[in-house]
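Worksheet for the structure shown next.
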Amino acid sequence: MNCFQIIKSVLDEAYNQIPGDDSEKDGVIIEALNYLSEGYIQLLGKSQSIDYKDTITRFAYIYKYVSSHANLVCGIITQSNDLAKVFDAQQKINIACIGGGPGSDFLGILKYLMSKGKTPSVKFQLCDKEKNWAESWSDVDDKVDPKFRISTSYLPLDVTKPDEWKPHTKYFTSDIFTMIYFMSEIFTLRDSADEYFTNLFSQAKPGALFLFVDNNHTSFYGWFDELAKAHNIKIKDSNQYTMFLPSDEDKSDLGIYFQKFQSYSYPKIKANIAYRVGQKQQ
Ligand SMILES: C[S@@+](CC[C@H](N)C(=O)[O-])C[C@H]1O[C@@H](n2cnc3c(N)ncnc32)[C@H](O)[C@@H]1O
């Protein structure tokens with residue numbers, strides 16, 4: 001399967017798990033799409049976190065956001081010599097996706113590997129407070145052509161709770177850390193999350209790359225830039241722009257779900273982003 005066939009199969013599984021007949025399922029999914037859109041409008045003002053525990057909310061997130069975010073990740077790697085080089089130079093790569101539960105980060109990298117025919121062995125660790133995301137992605141390795149040697153594992157941790165994140169240190173040796181639409185999600189909890197990021201940025205090994213992509217707002221990229229400066233992470237590449245996703249790609253990939261939900265909520269096809277590629281120095 002290609003990345004977007006994988007997304008469709010994960011949506012099929014989630015849809016089957018939602019109780020009720022199709023019209024009941026569609027009704028609650030539309031409510032969840034609204035819940036997410038309203039939550040993302042208030043990222044700078046709201047202190048209550050978006051809750052992804054429910055299969056319905058996770059279905060809605062995957063339908064609307066995952067292929068868009070995966071495309072962003074794939075596009076940035078394609079443009080970034082530093083990131084692309086890792087996939088040429090190393091046969092074994094470890095990647096930690098911080099707030100990567102919904103799968104967009106690793107699917108974006110998988111799309112890049114597939115599009116370039118690159119086959120290093122890549123271990124993804126999805127670090128996220130919502131353990132139910134594992135339900136969507138735990139068997140994804142089985143859906144991918146085995147010539148792409150990828151594996152995924154879940155590390156459930158809440159970055160605002162030191163008791164949860166402090167015991168986990170092995171992933172600090174990762175070659176790449178992704179933070180895709182993560183810092184904005186926890187921006188209002190910055191005071192509680194800063195210790196986590198300080199620890200992560202200081203413990204990352206020299207040469208490790210950080211890929212940050214988020215809403216184009218100075219509060220979000222400013223936070224990343226401050227951490228990078230304080231922890232000897234050199235910004236190798238950065239940009240801010242509005243990116244459009246080819247909508248045809250979504251239409252065919254999301255199949256029946258696109259037909260059901262497009263008039264209520266179109267999959268995200270436009271993103272005003274800021275991104276950074278940073279590298280930890282000696
Ligand atoms: C907007 S989603 C972004 C996900 C993915 N990187 C993407 O681009 O589609 C934010 C993710 O952060 C996770 N999250 C929210 N608060 C968190 C926290 N305090 N600690 C760890 N993960 C958290 C959520 O469960 C969710 O999966």
Side-chain angles (χ1 to χ4, degrees), residues 3-4 6-7 10-11 14 32-33 35-44 46-55 57-77 95-111 124-137 152 154-166 168 171 176-197 199-200 210-215 217 220 223-224 243 245 250 267-268 271 273-275:
C3 287
F4 300 100
I6 294 171
I7 293 175
V10 170
L11 285 174
L33 286 163
Y35 166 72
L36 290 174
S37 304
E38 282 161 21
Y40 296 138
I41 291 167
Q42 301 173 52
L43 288 171
L44 283 165
K46 195 171 61 73
S47 58
Q48 207 190 338
S49 318
I50 294 167
D51 188 343
Y52 300 92
K53 207 180 293 123
D54 205 289
T55 314
T57 315
R58 285 184 283 110
F59 178 100
Y61 188 88
I62 295 169
Y63 162 79
K64 180 145 182 157
Y65 300 100
V66 166
S67 59
S68 166
H69 294 184
N71 270 296
L72 284 170
V73 169
C74 177
I76 293 168
I77 299 174
I95 301 182
C97 305
I98 316 296
S104 330
D105 316 26
F106 91 80
L107 282 171
I109 294 168
L110 181 60
K111 183 176 180 186
F124 294 94
Q125 198 144 30
L126 311 186
C127 309
D128 199 291
K129 81 168 182 185
E130 183 44 71
K131 58 183 181 315
N132 287 348
W133 283 119
E135 190 59 20
S136 305
W137 302 110
T152 55
Y154 258 81
L155 185 54
L157 55 81
D158 185 329
V159 303
T160 66
K161 295 188 176 151
D163 288 354
E164 282 192 20
W165 60 256
K166 276 195 177 158
H168 304 288
Y171 69 101
I176 298 175
F177 297 89
T178 60
M179 289 168 214
I180 316 299
Y181 286 96
F182 178 56
M183 295 184 82
S184 58
E185 179 106 353
I186 52 162
F187 185 74
T188 56
L189 303 170
R190 180 175 172 166
D191 288 349
S192 325
D194 251 333
E195 190 189 352
Y196 171 81
F197 286 108
N199 193 49
L200 174 70
F210 286 73
L211 172 60
F212 163 92
V213 183
D214 217 314
N215 297 296
H217 192 288
F220 307 140
W223 185 14
F224 179 87
M243 182 256 188
L245 245 189
D250 270 321
K268 182 170 168 183
I273 60 160
Y275 81 82

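Computed over heavy atoms, backbone and side chain alike; hydrogens, waters and symmetry mates excluded. Throughout, numbering of the chain's residues begins at 1 and tracks the sequence. Indexing begins at 1, ligand by ligand and atom by atom, following the structure's order.
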Give the contacting part of Asp105 toward ligand 1: side chain, backbone, both or neither, where contact means a heavy-atom distance below 4.0 Å. side chain

For ligand 1, which part of Glu185 has a heavy atom less than 4.0 Å away: the side chain, the backbone, both, or neither? side chain

To which protein heavy atom is [atom] closest, and what is the distance rounded to 0.1 Å?
atom                    : result
atom 25 (O) of ligand 1 : Asp128 OD1, 2.6 Å
atom 20 (N) of ligand 1 : Val159 N, 3.0 Å
atom 16 (N) of ligand 1 : Ile186 CG2, 3.4 Å
atom 8 (O) of ligand 1  : His69 ND1, 2.8 Å
atom 22 (N) of ligand 1 : Lys129 N, 3.1 Å
atom 19 (N) of ligand 1 : Asp158 OD1, 2.8 Å

Hey, is ligand 1 close enough to [X] that some N/O pair sits below 3.5 Å?
X      : result
Phe182 : no
Thr160 : no
Ser104 : yes
Tyr181 : no
Ile180 : yes
Gly99  : yes

Just by modelled atom types, is the [Y] backbone N or O under 3.5 Å from a matching donor or acceptor in the [X] side chain?
X      : Y      : value
Trp165 : Thr160 : no
Tyr61  : Leu36  : no
Asn71  : Ser67  : yes
Arg58  : Asn132 : yes
Asn215 : His217 : no

Of all the heavy atoms in [X], does at least one lie under 4.0 Å from an atom in ligand 1?
X      : value
Pro102 : yes
Tyr196 : no
Leu157 : yes

Heavy-atom count check: over 12 atoms from other residues, nucleotides or ligands less than 6.0 Å from Glu164 CD? yes

Side chain to side chain contact (heavy atoms under 4.5 Å, CB included) evaluation trace for Tyr275 with Leu72: CA-CA 10 Å; Tyr275 81 82; Leu72 284 170; over 6 Å; no

Min over Tyr65, Tyr40, Tyr61 of heavy-atom distance to atom 3 (C) of ligand 1 lands on Tyr61

Using the benzene-type ring in the case of Trp, are the ring centres of Trp133 and Tyr154 under 6.0 Å apart? no

Compute the ring centroids of Tyr40 and Tyr65, then answer whether they are less than 6.0 Å apart. yes

Under 4.0 Å to a heavy atom of Glu130 - the qualifying atoms of ligand 1, by number: 25 (O)

Within a distance under 4.0 Å of any heavy atom of Trp133, pick out the atoms of ligand 1 and give their elements. 25 (O), 27 (O)

From the list Gln42, Glu185, Glu38, side-chain contact (heavy atoms from CB on, under 4.5 Å) partner of Ile50 resolves to Glu185

Checking Ile95 against Ile109 for the side chain to side chain contact (heavy atoms under 4.5 Å, CB included) test, could you report, in this order, the C-alpha distance in whole Å, the side-chain angles of both residues, the deciding distance, and whether it holds? CA-CA 10 Å; Ile95 301 182; Ile109 294 168; 3.8 Å; yes

Do the numbers put Lys268 on top of the ring of Tyr181, so that NZ or CZ is under 6.0 Å from the six-membered ring centre and no more than 45° off the axis? yes

